[in-house]
*Asks:* 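I'd like to ask some things about the structure below.
All values below come from the heavy atoms of this structure, side chains included, with hydrogens, waters and symmetry mates left out.
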Amino acid sequence: MRSYAGKEAQIQIADMNTAGWGHLLADRFTATDTAAKSGVQRADWADYGKDYYTAVSWENAPGGKRYMIGWMNNWDYSGVIPTSPWRGAQSILGEMALRTVDGGILLTSRPVNRVWPLWQPHAVAASGVTVKSASKTLIGPAAQGKALDIEATLSLKDAERFGLKVRTGANGEETVIGYDITTQELCTSTAPTPAAWTSTAPSRCPDRAEGRERQGEAADPRRLVAVEEFGGSGAVSITDQIFPDPASQGVSVFAGNGSVKLDKAVVWHLDSAHK
């Protein structure tokens, strides 16, 4: 900081710790026009959601494959989850792999094929739907449901944000599965946010797709409700709990400050895995 000798400056240190104790050590400062990312933000997470904890993986699976499953919960609010007698759930079992993305090795995750037997007969499909600065109901009542497996491809026209909304209902209730062009991030958020939650910020993850997707010209997310998102051919995933009103079961496509086209969406209703 030699260049600032003899000058006055103000330093702000932001601490995200939520516990009742702790301390900070600050012994190095770097001047820059942009805020530095924390070690948490710089990590290549196996999952970028709030509810993917103590994951367990299996090795020596048939075909040399590697599978992993997480506890869909978070210690920040596990004691006040509004369900009884259960607290959280297991995530969808993911097939893990290593891929080269942008010249680096990345851990990827995709839902296992064994999810497919849970599909109920007769998928619902939609295509060629253009939305401008609004939300439009996807397909209609046939696509509504409590547990859905959605595969959707959207092509960007000029929207700043676009994606899907699931479990939509009265009084603005919704879970947003979005892509932000400005930050080039996938994100999820739920409204209204449960009052007991200690963090209201949406879950976000970097765009690690390749080709057209990386330029923001298209997004190809897969979403299992509730609530796991897989984007970029498995390069990123977000796992979050939601607690919607049982009557809130709508699905829609949205665009913010511009237009987006839904090229294709296929919606499968899922049976329970517990029979």
Side-chain angles (χ1 to χ4, degrees), residues 45-55 69-94 109 111 115 118 120 124 135 137-139 141 143-152 161-180 185-205 219 221-231 236-254 256 265 267-274:
W45 293 96
D47 189 281
Y48 286 82
K50 296 183 179 67
D51 299 298
Y52 193 82
Y53 176 68
T54 189
I69 193 169
W71 176 35
M72 197 183 295
N73 213 326
N74 188 313
W75 281 113
D76 281 350
Y77 40 75
S78 60
V80 291
I81 288 176
T83 58
S84 179
W86 307 106
R87 296 288 187 181
Q90 295 296 102
S91 71
I92 291 293
L93 187 65
S109 175
V115 173
L118 300 178
Q120 296 180 7
V124 183
S135 297
T137 300
L138 177 65
I139 303 170
Q144 297 182 3
K146 294 181 180 180
L148 307 172
D149 187 341
I150 305 172
E151 292 189 59
R161 300 173 306 280
F162 63 94
L164 301 177
K165 295 182 179 181
V166 298
R167 297 306 299 262
T168 62
N171 302 317
E173 188 172 68
E174 62 186 19
T175 292
V176 177
I177 312 157
Y179 185 87
D180 191 315
E185 290 178 320
L186 293 167
C187 61
T188 67
S189 62
T190 298
T193 301
W197 269 211
T198 58
S199 174
T200 59
S203 295
R204 311 183 73 89
C205 64
R222 179 172 179 182
R223 187 74 172 190
L224 295 139
V225 183
V227 174
E228 299 183 66
E229 177 181 0
F230 299 82
V236 290
S237 64
I238 295 176
T239 300
D240 283 339
Q241 296 183 81
I242 61 172
F243 301 96
D245 187 303
S248 298
Q249 300 184 26
V251 182
S252 61
V253 60
F254 78 92
V267 181
W268 294 91
H269 291 261
L270 297 177
D271 287 327
S272 171
H274 304 282

*Asks:* With a 4.5 Å heavy-atom cut-off, do Tyr48 and Leu186 have their side chains touching?
*Replies:*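 They are not in contact (no side-chain heavy atoms under 4.5 Å apart), so the answer is no.
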*Asks:* Between Ile81 and Asn73, is there a side-chain heavy-atom distance shorter than 4.5 Å?
*Replies:*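 Asn73 vs Ile81: side chains touch.
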*Asks:* Please check: side-chain N/O of Asp47 versus main-chain N/O of Thr239, any donor-acceptor pairing under 3.5 Å?
*Replies:*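 Answer holds: yes.
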*Asks:* Nearest heavy-atom pair of Ile92 and Pro111: which atoms, and what distance?
*Replies:*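 Heavy atoms only, the tightest pair is CG2-CB, 3.9 Å.
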*Asks:* Specify the closest pair of heavy atoms between Ala170 and Ser248, including all atoms of both residues, with the distance to one decimal.
*Replies:*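 For Ala170 versus Ser248, the nearest heavy atoms are N-OG, 4.3 Å.
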*Asks:* Between Asp149 (side chain only) and Trp268 (backbone N and O only), is there a donor and an acceptor less than 3.5 Å apart?
*Replies:*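 Between the backbone of Trp268 and the side chain of Asp149 there is no qualifying donor-acceptor contact (under 3.5 Å).
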*Asks:* Should Leu148 and Val166 be marked as a side-chain contact (heavy atoms from CB on, under 4.5 Å) after you check the CA-CA gap, both sets of side-chain angles, and the distance that decides it?
*Replies:* CA-CA 9 Å; Leu148 307 172; Val166 298; 5.6 Å; no
*Asks:* Indicate the atoms forming the closest heavy-atom contact of Ala152 with Leu164, along with that distance.
*Replies:*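 Ala152 and Leu164 have their closest heavy atoms at CB-CD1, 4.0 Å.
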*Asks:* Can you tell me how far CG of Asp180 sits from CZ of Phe162, rounded to the nearest 0.5 angstrom?
*Replies:*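 That separation rounds to 9.5 Å.
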*Asks:* At their closest point, which heavy atom of Gln90 faces which heavy atom of Met72, and how far apart are they?
*Replies:*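 Where Gln90 meets Met72 most closely, the heavy atoms are O-CE, 4.0 Å.
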*Asks:* Considering only heavy atoms from C-beta outward, does the side chain of His269 approach that of Lys146 to under 4.5 Å?
*Replies:*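 Answer no - side chains too far apart.
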*Asks:* Testing the basics here: between Asp245 and Glu173, what is the closest heavy-atom pair and its distance to 0.1 Å?
*Replies:*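 Here Asp245 and Glu173 meet closest at N-OE1, 3.0 Å.
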*Asks:* Closest heavy-atom contact between Ala46 and Ser237?
*Replies:*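 For Ala46 and Ser237, the tightest heavy-atom pair comes out as O-OG, 3.2 Å.
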*Asks:* How long is the span from the NZ atom in Lys165 to the CD1 atom in Ile177, to the nearest 0.5 Å?
*Replies:*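 These two atoms lie 11.0 Å from each other.
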*Asks:* For a 4.5 angstrom cut-off between non-hydrogen side-chain atoms, does Asp240 reach Thr190?
*Replies:*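 No - every pair of side-chain heavy atoms lies 4.5 Å or more apart.
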*Asks:* Apply side-chain contact (heavy atoms from CB on, under 4.5 Å) to Gln241 and Tyr77, showing your working.
*Replies:* CA-CA 11 Å; Gln241 296 183 81; Tyr77 40 75; 3.9 Å; yes
